Amino acid sequence: MPATIKRSSKKAQDTYEETLESAEKEYGDNGGRAHRVAYASLKHSFEKVGDHWEAKKHKGSSDPEAKESGPPSSHKRKPTYGGVDEEGHTKKELLDRAKSLGVSGTSRMTKDELAHAIDTKNKAASRKARGRSKRSKR
């Protein structure tokens, strides 16, 4: 199980695990497809916040890619923002979160740019958490 999910609630862990098991039965471990399906399921109800996943206020598509129907190969790929719920937040909510994370130049950013900047900060938090967990194992 990915570390960001291990640091999340039991419900998030269960959602990922149950979907992964079902997808592995359906697809095997074909190039990580089962993991992509499990992440898609997780992103429907949870949002990546820093180095873990938190329940969303409202279930649903989190980004432009998730709103598309059919397999990703059937349409032009759209941004995913690493689990940031761009669709479920207003621009002001994303702006407030980006500011709290120390993102500069937010007043000129579009909603997509804010989601991307938050994703970048989330990835940095995950890398930092991985570094802490590696040191604690030594």
Side-chain angles (χ1 to χ4, degrees):
M1 179 181 302
T4 58
I5 300 171
K6 287 180 184 177
R7 289 187 291 272
S8 303
S9 70
K10 174 119 173 66
K11 176 70 174 147
Q13 292 175 16
D14 290 347
T15 298
Y16 182 84
E17 287 267 316
E18 290 168 12
T19 307
L20 180 62
E21 287 175 19
S22 177
E24 284 176 338
K25 287 178 186 170
E26 178 78 19
Y27 306 114
D29 197 19
N30 182 8
R33 183 172 183 183
H35 288 278
R36 289 191 302 274
V37 169
Y39 265 116
S41 175
L42 182 70
K43 287 169 57 176
H44 188 78
S45 301
F46 294 86
E47 175 180 18
K48 182 133 183 267
V49 178
D51 67 347
H52 65 282
W53 294 80
E54 293 182 4
K56 295 186 337 186
K57 292 177 189 171
H58 306 285
K59 292 181 180 181
S61 302
S62 59
D63 52 59
E65 178 67 24
K67 286 174 60 174
E68 292 287 332
S69 60
S73 61
S74 68
H75 55 82
K76 186 178 176 193
R77 297 271 308 171
K78 292 184 171 54
T80 63
Y81 310 118
V84 175
D85 186 16
E86 186 257 357
E87 295 289 325
H89 290 293
T90 64
K91 181 177 179 182
K92 180 170 180 352
E93 289 170 327
L94 292 172
L95 181 64
D96 291 344
R97 185 186 298 172
K99 283 182 180 178
S100 74
L101 293 170
V103 176
S104 60
T106 55
S107 62
R108 294 179 304 278
M109 289 185 177
T110 65
K111 196 172 173 187
D112 291 344
E113 290 169 332
L114 289 165
H116 177 72
I118 293 166
D119 175 33
T120 300
K121 290 290 187 174
N122 285 346
K123 287 175 182 171
S126 293
R127 282 191 302 275
K128 186 175 180 179
R130 272 195 307 274
R132 281 193 308 263
S133 66
K134 285 180 183 177
R135 284 191 296 275
S136 66
K137 289 179 182 178
R138 292 179 184 168

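Note that the structure is a prediction, hence the values are computed from the model and not measured.
Heavy atoms of other residues, nucleotides or ligands lying less than 6.0 angstrom from NZ of Lys91 number more than 12.
Between the side chains of Lys48 and Ser126, at least one donor-acceptor pair of N or O atoms lies under 3.5 Å.
Contact between Val103 and Met109 at its shortest, heavy atoms only, is CG1-CE, 3.7 Å. Here the shortest heavy-atom pairing between Asp119 and Gly82 reads OD1-CA, 3.5 Å. Between Asn122 and Val49, the shortest heavy-atom contact is OD1-C, 3.9 Å.
Put simply, CG on Asp85 and CG on Leu94 are 8.5 Å apart, with the number rounded to the nearest 0.5 Å. The CG atom of Leu42 lies 10.0 Å from the CD atom of Gln13; values are rounded to the nearest 0.5 Å. For the atom pair NZ (Lys111) and CG (Leu95), the distance works out to 12.0 Å, reported to the nearest 0.5 Å. Note that OG1 of Thr110 and CD of Glu86 are 8.5 Å apart. Values are rounded to the nearest 0.5 Å.
Residues satisfying the salt bridge (Lys or Arg N to Asp or Glu O under 4.0 Å) criterion with Lys57, sequence neighbours excluded, are absent altogether. Under the salt bridge (Lys or Arg N to Asp or Glu O under 4.0 Å) criterion, Lys6 pairs with no residue at all, not counting sequence neighbours. Partners of Ser8 under the side-chain contact (heavy atoms from CB on, under 4.5 Å) rule, at least two apart in sequence or in another chain, are Ala12, His52, Trp53. Not a single side-chain contact (heavy atoms from CB on, under 4.5 Å) links Ala40 to another residue, sequence neighbours left out. Residues meeting the side-chain contact (heavy atoms from CB on, under 4.5 Å) test with Ser100, sequence neighbours left out: Arg97.
Taking hydrophobic clusters as Ile, Leu, Val, Met, Phe, Trp and Tyr residues chained together by side-chain heavy-atom distances below 4.5 Å, Met1 does not share a cluster with Val37.
Ring geometry for Tyr16 against His35 counts as tilted: the plane angle lies between 30° and 60°, on a 0 to 90° scale.
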Considering only distance and modelled atom types, tabulate donor-acceptor pairs under 3.5 Å from the side chains of residues 18-28, sequence neighbours left out.
residue	atom	partner	partner atom	Å
Thr19	OG1	Thr15	O	2.8
Thr19	OG1	Ser41	OG	3.1

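Partner of Val84 under the side-chain contact (heavy atoms from CB on, under 4.5 Å) criterion, out of His89, Lys121, Glu47, Lys43: Glu47 alone.
Looking only at side-chain heavy atoms (C-beta outward), Tyr81 and Leu114 stay at 4.5 Å or farther from each other. You'll find the side chain of Ile118 stays beyond 4.5 Å of the side chain of His116, heavy atoms only.
Within the 3.5 Å criterion, the main-chain N or O of Ser107 finds no donor-acceptor partner in the side chain of Lys99.
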